[in-house]
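Here the structure comes first, spelled out in structure tokens, and everything after it is commentary.
Residue numbers count from 1 along this sequence.
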Amino acid sequence: MKPNIKNIAVLTSGGDAPGMNACIRAVVRTGIYNGINMFGVLQGYQGLISNNINPMDARSVSNIIHLGGTILKTARCLEFKTDEGMALAYENMKARDIDGLVVIGGDGTFTGAKRFGEKFGIRVMGVPGTIDNDLYGSDFTLGYDTAINTVIEAIDKIRDTADSHDRLFFIEVMGRDSGCIALRSAISSGAEAVLLPEKETSLNELISMLETGASTKKTSSIVIVSEGHKDGGAYEVAKKVKERFNHYDTKVTILGHLQRGGSPSSFDRILGSRLGFAAVNELLKGNTMEMVGLRGNEVKTTSIEEALTRHFFKLESDLLEMTKVLSI
């Protein structure tokens, strides 16, 4: 039997990601189309606790699909991890008769949603919003495509100056546990090497690749370093390499939070819209404690438990091989 859901709230939590606003827009308008009263929670789980919950209508989400960040804001909330914090959040939702919750975020967001839903019986649906692309159950997460495009644009500009000055650039990209951004940006920017958290690449191997390039008259080189690599970030790796290989003038660029911002790509706007639309429809079907994701260009659901516990995105073997073959 389908639940008689009348009120749904939506929030964004954890790190922001391009495409979140497109998703918020789809959630709100899909709910309203189906006769649901919609609410937006400001500052993520902190907003549930501080009662910062506001009604939203179709015009509340006008002209936001092209914006980066999140109009609902986001925050990390330690208080929500406590029983007292969750109880207060539940009372604030109960006061508005909110019987469905859409959460947009990453693994920390889903961990909180899982515990909250189990503890109070709230119907919860998750949307994967993180540039790291590190959640099981979706081939792509919101913001990932835009982040790669941002990285590529930066690397293209860096290569101009690298070529002009015979320089070796170490460029650090986000990815503490996932090398997805590093791998794809390396392929699409023509980088000479990439260092990933998931793949063992010794300094000896890296230096050998750079020496080979120098011997074949390469005038510059780009090395992409995922922030979670075992030898440290770009500064640490560059320092160790420079001690043993000083053929080029060595420079370091850390792209940092630049990767999170900016107008979402067409892909992320469509992905956010599809997942937001699906999240509301899944709640209306009576489903809960699930995440909607894109698999093989179809929107499918995965239990939040599975999304959190199964190994996340597996790096494509052909891309890993290509980083070596195409860099000669």
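Residue pairs meeting the ring-ring contact (aromatic ring centres under 6.0 Å, His included) criterion with at least one partner in residues 78-114, sequence neighbours excluded, are Y45-F80, F80-F116, Y90-F120.
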Donor-acceptor pairs are to be reported for all side-chain atoms of residues 92-103 against protein atoms at under 3.5 Å, with residues two or more places apart or in another chain.
from	atom 1	to	atom 2	distance (Å)
N92	ND2	L48	O	2.7
N92	ND2	I49	O	3.1
N92	ND2	L88	O	3.3
R96	NH1	N51	OD1	2.6
R96	NH2	I53	O	3.4
D99	OD1	K6	N	3.3
D99	OD1	N7	N	3.0
D99	OD2	K6	N	3.3

Kindly list each side-chain donor-acceptor pair under 3.5 angstrom involving residues 20-27, sequence neighbours excluded, with atom names and distances?
from	atom 1	to	atom 2	distance (Å)
N21	OD1	I71	N	2.7
N21	ND2	L67	O	3.2
N21	ND2	G68	O	3.2
N21	ND2	G69	O	3.4

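Each of L142, T141, T109 was checked for a side chain to side chain contact (heavy atoms under 4.5 Å, CB included) with P128, and the lone residue meeting it is T141.
Side chains of N149 and T146: no donor on one and acceptor on the other come within 3.5 Å.
Residues meeting the side chain to side chain donor-acceptor pair (under 3.5 Å) test with D249, sequence neighbours left out: R167. Applying the side-chain contact (heavy atoms from CB on, under 4.5 Å) criterion to I254, with sequence neighbours excluded, gives E172, Y235, V252. Judged as a side-chain contact (heavy atoms from CB on, under 4.5 Å), and not counting sequence neighbours, the contacts of R76 are R260.
Placement of M86 and V124 within a single hydrophobic cluster is found when ILVMFWY residues are connected by side-chain heavy-atom separations under 4.5 Å, directly or transitively.
Annotation: the span from M289 atom CE to I304 atom CD1 amounts to 5.0 Å, rounded to 0.5 Å. Put simply, CZ on R29 and OG on S273 are 10.0 Å apart, with the number rounded to the nearest 0.5 Å.
Remark: E290 does not engage K300 in a salt bridge, criterion side-chain N to carboxylate O under 4.0 Å.
Within 6.0 Å of CD in E153 there are 12 or fewer heavy atoms belonging to other residues, nucleotides or ligands.
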